Amino acid sequence: MKWNKAVLSLTPYQPGKSIEAVKRQYGLEKITKLASNENPFGCSAEVKKAIAAYADSFAIYPDGYATLLREAVAEHVGVNEKQLIFGNGSDENIQIISRSLLDSSKNTVMATPSFSQYRHNAILEGAEVREIPLIDGAHNLEGMLAAIDENTAVVWVCTPNNPTGVYIDEASLRQFLNQVPEDVLVVLDEAYSEYAVAEDYPKTEKWIETYKNIIVLRTFSKAYGLASLRIGYGIADEDIIQKLDPAREPFNANTMGQMAAKIALQDQVFIERCRYENRQGLEQYYTFCQEENLSYYPSQANFILIDFKIDSDEIFQYLLENGYITRSGKGLGFPTSLRITVGSKEQNSEIIAVIKEFLTLQKSLTK
């Protein structure tokens with residue numbers, strides 16, 4: 001086989017373990033999954049009603065233009081319908097951007113550690129990857145600016161950043177964008193923006209009028225609780241959208257996902273509740289970390305990265321065998337840390353209790 005060398009150099013994305021797989025492997029009845037930053041409260045009840053009542057034919061292709069969803073999102077974020085692109089989750093929009101702008105003659109700049117799919121797609125397109133290490137969990141914006149040259153095509157900015165949860169304040173982000181060359185596309189990946197509560201967290205929806213070289217990525221997979229239906233969207237200047245659209249697969253946003261996302265968007269009371277519960281959950285973890293003298297990054301997302309100062313696979317495995325699926329930091333660039341999705345109040349209390357058991361056991365073994 002004449003394989004593309006880039007494909008052979010990569011490994012597939014490794015999702016968190018499934019609930020059913022862990023049940024079978026360890027013979028457990030109850031599993032709590034806090035690994036993939038899913039919404040522990042599910043989705044809006046209105047979405048469930050609409051899906052239950054759906055009676056149209058599954059043999060009909062989706063609306064390739066996502067007309068109704070497009071109208072709803074445009075109204076919600078306050079942009080023109082032609083300034084939107086929809087994807088099979090943000091993952092596909094990242095792929096579309098990479099396919100449209102990157103090749104072996106280009107380079108791309110990103111923070112590290114950050115969301116793995118930026119690097120993954122860049123390598124598939126044969127582009128040079130320039131990774132700038134985080135500083136205290138945050139993007140080193142000055143370092144990223146210094147890495148940009150005449151061959152840079154795309155700069156990736158994840159805020160709040162995955163896996164640290166650290167965000168970029170409005171003033172810093174504007175200062176950064178003001179210095180990026182106009183022919184370089186800056187991707188503002190805001191998958192967790194609905195969870196952000198910081199007063200200076202930027203509201204970038206309207207920035208496309210000022211910065212013609214940005215695209216803002218959002219998703220319905222996180223706060224809206226529609227991860228299984230795979231709907232993400234991008235907001236950008238109409239010219240950018242027109243040039244990206246040919247790289248988009250036809251009928252890429254499925255019918256059920258379009259319908260569910262449109263309805264979910266209307267239930268902002270649900271989003272407010274999720275945002276409130278998430279902040280309360282983060283406080284549970286902050287208190288725990290302070291009591292146990294553990295380092296962590298204050299998060300504006302729905303997860304927290306905690307440094308246990310040991311091989312993260314050890315605590316990951318202990319939690320797994322006790323019915324809790326988390327994410328080991330080893331594959332995220334933080335080999336002694338654990339990334340935990342913020343669950344319900346009860347779920348947080350339960351996993352914290354199990355972590356305390358592990359820490360007590362560790363202390364007894366070191367005596």
Side-chain angles (χ1 to χ4, degrees), residues 7-8 10-43 47-48 51 88-92 94-95 113-117 119-121 162-163 165 191-192 219-232 254 256-257 260 274 278 281 285 301-306 308 310-359 361-362:
V7 172
L8 297 178
L10 294 169
T11 56
Y13 177 79
Q14 297 297 319
K17 287 181 175 289
S18 72
I19 290 174
E20 290 307 314
V22 175
K23 278 185 176 180
R24 288 195 300 268
Q25 184 173 359
Y26 297 103
L28 299 169
E29 292 295 324
K30 178 186 174 183
I31 301 294
T32 301
K33 186 184 178 188
L34 299 172
S36 302
N37 307 334
E38 297 147 332
N39 190 332
F41 305 104
C43 64
V47 170
K48 296 178 182 179
I51 290 177
N88 185 37
S90 285
D91 290 311
E92 189 191 21
I94 292 168
Q95 183 184 65
S114 193
F115 187 47
S116 63
Q117 292 304 289
R119 183 179 188 276
H120 187 93
N121 281 281
N162 179 11
Y192 300 94
T219 183
F220 285 92
S221 295
K222 303 305 180 184
Y224 286 96
L226 301 178
S228 67
L229 296 177
R230 311 304 298 129
I231 299 290
N254 71 83
M256 297 294 281
C274 292
N278 185 67
Y285 286 103
N302 69 331
F303 57 82
I304 184 169
L305 187 71
I306 304 174
F308 290 92
I310 60 170
D311 185 332
S312 57
D313 283 352
E314 290 185 33
I315 186 166
F316 166 82
Q317 186 63 32
Y318 184 87
L319 290 170
L320 195 65
E321 293 174 7
N322 282 274
Y324 295 90
I325 309 174
T326 58
R327 196 63 181 264
S328 170
K330 188 169 286 188
L332 302 174
F334 291 90
T336 62
S337 298
L338 202 67
R339 193 190 69 188
I340 306 172
T341 302
V342 178
S344 66
K345 181 179 180 180
E346 293 72 24
Q347 289 173 334
N348 299 331
S349 295
E350 290 169 358
I351 192 173
I352 286 171
V354 177
I355 294 173
K356 285 184 176 180
E357 291 176 4
F358 173 83
L359 295 176
L361 181 63
Q362 287 293 110

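Keep in mind the model is a prediction, meaning the values are calculated, not measured.
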J.: Drop me the distance from I315's CD1 to Q317's CD, to the nearest 0.5 angstrom.
T.: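 Here the interatomic distance stands at 12.0 Å.
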
J.: Could you check if a side-chain atom of I51 sits within less than 4.5 angstrom of a side-chain atom of M256, using non-hydrogen atoms only?
T.: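 I51 reaches M256 side chain to side chain.
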
J.: Can you find a heavy atom in the side chain of L361 that is under 4.5 Å from one in the side chain of Y318?
T.: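 Yes - at least one pair of side-chain heavy atoms lies under 4.5 Å apart.
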
J.: Considering non-hydrogen atoms only, spot the tightest contact between N37 and Y192 and give its length.
T.: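 Nearest heavy atoms, N37 then Y192: ND2-OH, 2.9 Å.
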
J.: To the closest 0.5 Å, what do you measure between NE2 (H120) and CD (Q95)?
T.: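 Rounded to the nearest 0.5 Å, the NE2-CD separation comes out at 8.5 Å.
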
J.: List the atom of D91, the atom of Q117, and the distance in Å for their closest heavy-atom pair.
T.: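 Of all heavy-atom pairs spanning D91 and Q117, the closest is OD1-CG, 3.7 Å.
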
J.: Could you state the interatomic distance from OG (S344) to CG (N278), rounded to the nearest 0.5 Å?
T.: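 Here the rounded value is 11.5 Å.
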
J.: Would you check if K30 and T32 make a side-chain contact, meaning some heavy-atom pair closer than 4.5 Å?
T.: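 SC-SC contact between K30 and T32 confirmed.
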
J.: Backbone N or O of F308 within a donor-acceptor pair of the T336 side chain at under 3.5 Å?
T.: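 Judged by distance alone, no pair lies under 3.5 Å.
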
J.: Taking the side chain as everything from C-beta on, heavy atoms only, tell me whether Y224 gets closer than 4.5 Å to L229.
T.: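 SC-SC contact between Y224 and L229 ruled out.
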
J.: Taking all non-hydrogen atoms of both residues into account, name the closest pair between S36 and K222 and its distance.
T.: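 Heavy atoms only, the tightest pair is O-NZ, 3.3 Å.
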
J.: For the residue pair C43 and L226, what are the closest heavy atoms and their distance?
T.: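 Minimum heavy-atom contact is CB-CD2, 3.8 Å.
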
J.: Does some side-chain heavy atom of I340 sit less than 4.5 Å from a side-chain heavy atom of I355?
T.: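 Answer yes - side chains close enough.
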
J.: Is it the case that the side chain of N348 and the backbone of G343 share a donor-acceptor pair, with hydrogens and angles ignored and the cut-off at 3.5 Å?
T.: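 Yes, N348 side chain to G343 backbone: donor-acceptor pair under 3.5 Å.
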
J.: Which value, rounded to the nearest 0.5 Å, describes the distance between Y324 atom OH and I352 atom CD1?
T.: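 These two atoms lie 10.5 Å from each other.
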
J.: Just verifying a value: how many Å separate F303 CZ and R339 CZ, rounded to the nearest 0.5 Å?
T.: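 One finds 6.0 Å between CZ of F303 and CZ of R339.
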
J.: Would you give the length of the straight line joining atom OG of S328 to atom CG of D311, rounded to the nearest 0.5 angstrom?
T.: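 It comes to 7.0 Å.
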
J.: Verify side-chain contact (heavy atoms from CB on, under 4.5 Å) between T326 and I351, making sure each step is shown before the conclusion.
T.: CA-CA 10 Å; T326 58; I351 192 173; 3.7 Å; yes

J.: With side chains defined as the heavy atoms from C-beta onward, is the minimum distance between N322 and F358 less than 4.5 Å?
T.: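 Side chain of N322 against side chain of F358, heavy atoms only: no contact under 4.5 Å found.
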
J.: Flag the pair V22 / L320 as yes when at least one side-chain heavy-atom distance between them is below 4.5 Å, and no otherwise.
T.: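 Yes, close enough: below the 4.5 Å cut-off.
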
J.: Which heavy atom of A35 sits nearest a heavy atom of R327, and at what distance?
T.: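 Closest approach of A35 to R327, heavy atoms only: O-CB, 3.9 Å.
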
J.: E29 and K23: which non-hydrogen atoms are nearest, and at how many Å?
T.: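 Reported closest heavy-atom pair: O-CE, 3.2 Å.
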
J.: Is there a side-chain contact between L332 and P113, using heavy atoms and a 4.5 Å cut-off?
T.: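 No, too far: nothing below the 4.5 Å cut-off.
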
